[in-house]
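Keep in mind that this is a model prediction, so the values were computed, not measured.
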Amino acid sequence: MSGGQALAECLAQELGYPCIGREVVIEAAHKLGVSEDVLSKKFEKSPGLWARLTSDRRLYVIAVQAALAEHAVTGELVYHGHAGHLLLKGLSCLLRVRLIAPLEMRVRAVMERQHLSHDAAVQYIQAVDDERIRWTKFIYGVDWRDPSLYDLVINLENISIRTACKVVQACIMQPEYQVTDAVRQQLQDFLLACRVKVALASNPQTRGVECEVTASEGVVDIAATLPSGALLTRTTLRAENEIRETVMKVEGVKGIRLSIREYDAYH
């Protein structure tokens with residue numbers, strides 16, 4: 001309730017860009033064949049004190065990242081949502097904006113939208129903020145409140161949404177945020193890598209294999225990590241073949257460079 005959606009919609013209208021938010025979760029759920037409610041809980045709720053990152057949760061995060069990449073591939077997109085700047089980490093021409101607002105401003109918005117009392121609205125905001133802090137630290141190892149994660153932090157205490165919109169527009173028009181052919185290729189490569197990660201994480205035969213994936217003009221580089229040991233040679237070969245077969249079925253893949261790394265499974 002800090003004005004993120006309102007700013008996003010204002011920017012989208014001024015720029016003529018599509019504006020999305022929760023739609024990426026819905027799209028990811030549809031592709032995975034799970035309900036939106038299930039995916040939202042897995043993706044947004046932080047784990048309990050002793051919980052660990054399961055393969056399902058990892059798959060859900062990858063699927064949402066891929067859904068967002070599908071929208072971002074043109075370089076023209078306004079996205080409002082939690083951790084979007086982390087899902088698109090490393091991309092050029094990505095303007096990361098955080099809005100902050102006084103607590104009382106947020107409380108009034110919650111009271112109006114959810115018909116809560118003042119005290120209930122305060123508790124709701126604190127609960128959501130705490131949940132997001134825990135979730136982001138668990139998944140990404142960062143505190144989403146850290147200003148170094150953003151290019152621009154705007155305090156809405158004395159600035160209207162309209163003025164904030166103009167400020168962000170002015171930033172977008174600067175040379176470092178222009179979408180060049182090189183940037184478009186980077187976005188295509190990022191999308192392809194995301195599609196490959198979803199394919200590998202969705203396949204029961206490769207789901208448990210840790211893979212780092214990058215792509216360059218249709219050629220996919222995969223660094224897979226498997227347990228070491230002579231007795232696992234056949235397992236390693238099967239995994240390598242399964243990875244290659246899975247990746248080559250992904251639309252847009254022209255070739256694969258695969259490297260297998262080993263770790264000591266007993267230490």
Colleague: Examine distances only and state if a side-chain atom of Gln65 and a backbone atom of Cys194 form a donor-acceptor pair shorter than 3.5 Å.
Modeller: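 No, the answer is negative, given that no donor and acceptor are paired below the 3.5 Å cut-off.
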Colleague: Side chain to side chain contact (heavy atoms under 4.5 Å, CB included) between Leu187 and Thr74: does it pass, once the steps are laid out?
Modeller: CA-CA 7 Å; Leu187 292 169; Thr74 64; over 6 Å; no
Colleague: Do Leu149 and Leu95 belong to the same hydrophobic cluster, where Ile, Leu, Val, Met, Phe, Trp and Tyr are linked whenever their side-chain heavy atoms lie under 4.5 Å apart, directly or via other members?
Modeller: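 No; tracing contacts between hydrophobic side chains, which count when under 4.5 Å, never links both residues.
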Colleague: State whether the side chain of Arg257 and the backbone N or O of Val220 hold a donor-acceptor pair below 3.5 Å, judged by distance alone.
Modeller: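 No, Arg257 side chain to Val220 backbone: no donor-acceptor pair under 3.5 Å.
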Colleague: Compare every heavy atom of Met105 with every heavy atom of Ala101, then report the nearest pair and how far apart it is.
Modeller: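 That closest heavy-atom pairing would be CB-SD, 3.8 Å.
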Colleague: Is the shortest side-chain N to carboxylate O distance from Glu240 to Arg244 below 4.0 Å?
Modeller: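 Here Glu240 pairs with Arg244 in a salt bridge, since their nearest N and O are under 4.0 Å apart.
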Colleague: Are Arg145 and Arg98 close enough that some pair of their side-chain heavy atoms sits under 4.5 Å apart?
Modeller: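 A side-chain contact exists here, since the closest heavy-atom pair is under 4.5 Å.
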Colleague: Any idea which heavy atoms bring Leu191 and Ala66 closest together, and the distance?
Modeller: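 Heavy atoms of Leu191 and Ala66 come nearest at CD1-O, 4.2 Å.
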Colleague: With side chains defined as the heavy atoms from C-beta onward, is the minimum distance between Leu87 and Val61 less than 4.5 Å?
Modeller: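 Yes - at least one pair of side-chain heavy atoms lies under 4.5 Å apart.
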Colleague: Report yes or no: do Ser117 and Asp119 form a side-chain donor-acceptor pair below 3.5 Å?
Modeller: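 Absent: no donor and acceptor within the cut-off.
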Colleague: Could you tell me whether the side chain of Ser216 and the main chain of Val219 form a donor-acceptor pair under 3.5 Å?
Modeller: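 Judged by distance alone, no pair lies under 3.5 Å.
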Colleague: Are Val64 and Tyr60 side-chain neighbours, meaning at least one heavy-atom pair lies under 4.5 Å?
Modeller: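 They are not in side-chain contact.
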Colleague: Is it true that, when you exclude Tyr124 itself, more than 12 heavy atoms of the residues, nucleotides or ligands shown sit nearer than 6.0 Å to its OH?
Modeller: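 Atom OH in Tyr124 is not crowded, with 12 or fewer foreign heavy atoms closer than 6.0 Å.
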Colleague: Give a yes-or-no answer on whether the side chains of Gln185 and Asp189 include a donor-acceptor pair shorter than 3.5 Å.
Modeller: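 Yes, side-chain donor-acceptor contact under 3.5 Å.
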Colleague: Answer with yes or no whether the side chains of His80 and Glu9 bring together a donor and an acceptor at under 3.5 Å.
Modeller: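 No, no side-chain donor-acceptor contact under 3.5 Å.
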Colleague: With rounding to the nearest 0.5 angstrom, report the CD to CZ distance, Gln205 to Arg238.
Modeller: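 Those atoms lie 9.0 Å apart.
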Colleague: Can you tell me if Arg96 uses its side chain to pair, donor with acceptor, with the backbone of His85 under 3.5 Å?
Modeller: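 Between the backbone of His85 and the side chain of Arg96 there is no qualifying donor-acceptor contact (under 3.5 Å).
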Colleague: Roughly how far apart are Thr225 OG1 and Ile260 CD1, rounded to 0.5 Å?
Modeller: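 Those atoms lie 8.5 Å apart.
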Colleague: Look up atom NZ in Lys197 and atom CD1 in Ile62, then write down how far apart they are to the nearest 0.5 Å.
Modeller: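 One gets 6.0 Å once the value is rounded to the nearest 0.5 Å.
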Colleague: If you count every heavy atom of other residues, nucleotides or ligands that lies below 6.0 Å from Gln114 atom CD, does the total exceed 12?
Modeller: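 Correct, the count exceeds 12.
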Colleague: Run the side chain to side chain contact (heavy atoms under 4.5 Å, CB included) check on Ile154 and Leu156 step by step: do they pass?
Modeller: CA-CA 6 Å; Ile154 300 176; Leu156 292 179; 4.2 Å; yes
Colleague: Cluster question for you: counting only ILVMFWY and a side-chain heavy-atom cut-off of under 4.5 Å, with indirect links fine, are Val142 and Val153 together?
Modeller: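 The answer is yes; both residues are in one hydrophobic cluster.
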Colleague: Are Arg162 and Glu14 close enough for a salt bridge, meaning some N to O gap below 4.0 Å?
Modeller: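 Between Glu14 and Arg162 there is a salt bridge, with a charged N closer than 4.0 Å to a carboxylate O.
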Colleague: Can you check whether Val198 reaches Val250 side chain to side chain, under 4.5 Å on heavy atoms?
Modeller: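 The answer is no, as the side chains (C-beta and beyond) never meet within the 4.5 Å cut-off.
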Colleague: Quick check for you: to the nearest 0.5 Å, what is the distance between Leu94 atom CG and Asp151 atom CG?
Modeller: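 If I round to the nearest 0.5 Å, the distance is 7.0 Å.
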Colleague: Is there a path from Leu91 to Tyr177 through hydrophobic residues (I, L, V, M, F, W, Y) whose side chains come within less than 4.5 Å of each other?
Modeller: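 Leu91 and Tyr177: separate clusters.
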Colleague: With the 4.5 Å side-chain cut-off for hydrophobic clustering, are Leu103 and Ile159 part of the same group?
Modeller: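 Leu103 does not cluster with Ile159.
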Colleague: Do you know which two heavy atoms are closest between Gln178 and Cys93, and how far apart they sit?
Modeller: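 What the structure gives for the nearest pair is O-SG, 3.0 Å.
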Colleague: Ignoring hydrogens, what is the shortest heavy-atom contact between Trp144 and Ile133? Give both atom names and the distance.
Modeller: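 Closest approach of Trp144 to Ile133, heavy atoms only: NE1-N, 3.2 Å.
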Colleague: I'd like to know if the side chain of Glu210 and the backbone of Ala223 have a donor-acceptor N/O pair within less than 3.5 Å.
Modeller: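 Not a single qualifying donor-acceptor pair exists.
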Colleague: Just by distance, with hydrogens left out, do Glu242 and Thr206 show a side-chain donor and acceptor under 3.5 Å apart?
Modeller: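 Distance-only check fails for Glu242 and Thr206.
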Colleague: Indicate the atoms forming the closest heavy-atom contact of Ser92 with Gln186, along with that distance.
Modeller: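 Closest approach of Ser92 to Gln186, heavy atoms only: N-OE1, 3.0 Å.
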Colleague: Considering only heavy atoms from C-beta outward, does the side chain of Ile243 approach that of Val209 to under 4.5 Å?
Modeller: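 Of all side-chain heavy-atom pairs linking Val209 with Ile243, at least one is under 4.5 Å.
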Colleague: Does Leu15 offer a backbone N or O that forms a donor-acceptor pair with the side chain of Gln169 under 3.5 Å?
Modeller: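 Looks like no, no N/O pair under 3.5 Å.
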Colleague: What do you reckon, is CD of Glu176 surrounded by more than 12 foreign heavy atoms closer than 6.0 Å?
Modeller: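 Counting neighbours around CD of Glu176, more than 12 heavy atoms of other residues, nucleotides or ligands fall under 6.0 Å, so yes.
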Colleague: Which heavy atom of Val179 sits nearest to which heavy atom of Val183, and what is that distance?
Modeller: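 Closest pair (atom of Val179, atom of Val183, distance): CG1-CG1, 4.0 Å.
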Colleague: Is the shortest side-chain N to carboxylate O distance from Glu70 to Arg195 below 4.0 Å?
Modeller: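 Result for this pair is yes, salt bridge flagged.
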Colleague: Answer yes if the side chains of His118 and Glu104 hold a donor-acceptor pair under 3.5 Å, and no otherwise.
Modeller: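 Distance-only check passes for His118 and Glu104.
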Colleague: Are side-chain heavy atoms of Leu88 and Tyr79 found at a separation under 4.5 Å?
Modeller: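 They are not in side-chain contact.
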Colleague: List the steps and the verdict of side chain to side chain contact (heavy atoms under 4.5 Å, CB included) for Leu11 and Tyr17.
Modeller: CA-CA 8 Å; Leu11 281 168; Tyr17 289 1; over 6 Å; no
Colleague: Nearest 0.5 Å, what's the CD1-CD distance between Ile256 and Glu245?
Modeller: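 Rounded to the nearest 0.5 Å, the CD1-CD separation comes out at 9.5 Å.
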Colleague: How long is the gap from CD on Gln5 to CG on Leu99, to the nearest 0.5 Å?
Modeller: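 These two atoms lie 12.0 Å from each other.
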Colleague: With a 4.0 Å cut-off on N to O distance, would you call Asp129 and Arg132 a salt bridge?
Modeller: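 Answer for the salt bridge query: no.
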Colleague: Begin from the C-alpha positions of Leu192 and Val213 and carry the test side chain to side chain contact (heavy atoms under 4.5 Å, CB included) through to its verdict.
Modeller: CA-CA 9 Å; Leu192 182 57; Val213 182; over 6 Å; no
Colleague: Please answer: with hydrophobic residues joined when any side-chain heavy atoms are less than 4.5 Å apart, are Leu86 and Leu152 in the same cluster?
Modeller: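 Leu86 does not cluster with Leu152.
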